Amino acid sequence: MTTTMTSGTVATSRREERRERRRRLGPLSVLSHVALLVWTVLVVVPILWTFLASVKSEDEIFGDAWSLPETLRWDNFGRAWEQAHIGQYTLNSVIVVSFSTFGTMLLGSMAAYVLARYPFRGNRAFYLLFVSGLACPVYLALSPLFFVVQNMGNVPVLGPFIGLNTHAGLVLVYIAYSMPFTVFFLAAFFRTLPTAVGEAAMVDGASHTRVFFQIMLPMARPGIVSVTIFNVLGQWNQYQLPLVLLQERDKWVLTQGIADISTAAGYDQDWSALFAALTLAILPMLVVYTIFQRQIQAGLTAGALK
């Protein structure tokens, strides 16, 4: 009986809080909900239409856009996977994004930790140098970047592995362009972590490296997960950099393969395979974001809560 009364009291209290919050926000609350609703429609509707078009025939795609297919045409995915080589391009993307994300998070977290927790001469200058990379659009550096990567191919021993038309060269470029945001985000996150635990470990004889990898890095897990997901999404959807640095077809990544299908569809009219390829590109990132959405939210709010 007491438990029931307590639950009822808590529920009533929460309703009162929500009612008071709505009253206090007034029109602002309504406008925010309308904006979120519009944004949801703008994001969800194209994705749903793409999924629907991926199992349609071309006549159904160009007929009633929102009609359900008479028959689910799974062969569209087969053509996209085999004839358009989406399987090979997907594997290339997985390899490139896996190595580039690992390298970005390893180097970025180490740099952010040092800049956030170790005062030294030039600390602020190095931090601003990293952050200034956020102000440099990738399109402005494509021409010099092409020649830089081309010259990297002349490096003794390693040149053939990190030059143009190599996945390792693209991985290095991805790491370089992902570092500014990674350092900017994680440096702010590391500043919010308590110092007492690390200091206690160092008093017990732990090295700086051990303190970072065994104590501070696990404590920064929410921020690490959030930045990792953002980097994976950004690198998975990158098109301009692979277009410039990977010119051999067998080295292409997924975005280049989809663009090639789109170009060919203008002549061959295989739009069904195009939407099937788009679905194959969207689904992995959608699944990843769905699985880790709570960790992303925790990472984005942890700094504010601390």
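Keep in mind that this is a model prediction, so the values were computed, not measured. Any value given below was found using the heavy atoms of this structure, including those in side chains, with hydrogens, waters and symmetry copies removed.
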Compute the centroid of each ring, for His208 and then for Tyr118, and state whether the two points are separated by less than 6.0 Å.
yes
Please round to the nearest 0.5 Å and tell me the distance separating atom CG of Leu286 and atom CD1 of Ile47.
6.0 Å
Out of curiosity, Thr255 OG1 to Gln240 CD, how far, rounded to the nearest 0.5 Å?
10.0 Å
Quick check on Trp39: does its CH2 atom have over 12 non-hydrogen neighbours (other residues, nucleotides or ligands) under 6.0 Å away?
no
Donor-acceptor side-chain pairing of Gln235 and Thr101 below 3.5 angstrom:
yes
Hydrophobic clusters here meaning ILVMFWY residues chained together by side-chain heavy-atom distances under 4.5 Å, can you tell me if Trp49 and Val55 are in one?
yes
For Phe120, does the CZ atom have more than 12 heavy-atom neighbours from other residues, nucleotides or ligands under 6.0 Å away?
yes
Taking Ser178 for its side chain and Ile175 for its backbone only, find out whether a donor-acceptor pair lies under 3.5 Å.
no
Phe230 side, atom CZ; Leu233 side, atom CG - distance, nearest 0.5 Å
7.5 Å
Parallel, tilted or perpendicular: rings of Phe190 and Phe212 (30°, 60°):
tilted
Checking Arg79 now: which residues fulfil salt bridge (Lys or Arg N to Asp or Glu O under 4.0 Å) with it, not counting sequence neighbours?
Asp75, Asp270
Is it the case that the side chain of Glu60 and the backbone of Glu70 share a donor-acceptor pair, with hydrogens and angles ignored and the cut-off at 3.5 Å?
yes
Pair Leu164-Phe146, side chain to side chain contact (heavy atoms under 4.5 Å, CB included): steps then yes or no
CA-CA 8 Å; Leu164 290 176; Phe146 174 85; 3.5 Å; yes
Looking only at heavy atoms, what is the nearest atom pair of Ala116 and Ala187, with distance?
CB-O, 3.4 Å
Could you tell me whether a side-chain N or O of Lys251 sits under 3.5 Å from a main-chain N or O of Leu246, the two making a donor and an acceptor?
no
Start with the C-alpha distance between Tyr174 and Thr104, add both sets of side-chain angles, then the distance that settles side chain to side chain contact (heavy atoms under 4.5 Å, CB included), and finish with yes or no.
CA-CA 8 Å; Tyr174 275 1; Thr104 300; 5.7 Å; no
Mind checking the CD1-CG spacing from Ile86 to Asn92? Nearest 0.5 Å is all I need.
11.0 Å
Supply the atom-to-atom distance Leu186 CG to Met179 CE, rounded to the nearest 0.5 angstrom.
10.0 Å
Is there a donor-acceptor pair under 3.5 Å between the side chain of Ser272 and the backbone N or O of Lys56?
yes
Whether over 12 other heavy atoms sit under 6.0 Å from Arg124 CZ
no
Going from OG on Ser93 to CD on Gln238, what distance comes out if it is rounded to the nearest 0.5 angstrom?
11.0 Å
Would you kindly say whether Gln256 and Asp260 are connected by a side-chain donor-acceptor distance under 3.5 Å?
no
Indicate yes or no for a side-chain donor-acceptor contact from Trp252 to the backbone of Gln88 under 3.5 Å, with no hydrogens or angles considered.
no
Output, in order, the C-alpha distance, side-chain angles, deciding distance and verdict of side chain to side chain contact (heavy atoms under 4.5 Å, CB included) for Tyr113 and Val211.
CA-CA 11 Å; Tyr113 176 71; Val211 169; 3.9 Å; yes
Min side-chain heavy-atom separation Val244-Val149 under 4.5 Å:
no
Taking the inter-plane angle between the rings of Trp271 and Phe275 on a 0 to 90° scale, is it parallel (under 30°), tilted (30 to 60°) or perpendicular (over 60°)?
tilted
Within-4.5 Å side-chain heavy-atom neighbours: Leu274 and Asn76
no
Using side chain to side chain contact (heavy atoms under 4.5 Å, CB included), reason through Thr279 and Phe51 one step at a time and then give a plain yes or no.
CA-CA 6 Å; Thr279 300; Phe51 291 168; 3.6 Å; yes
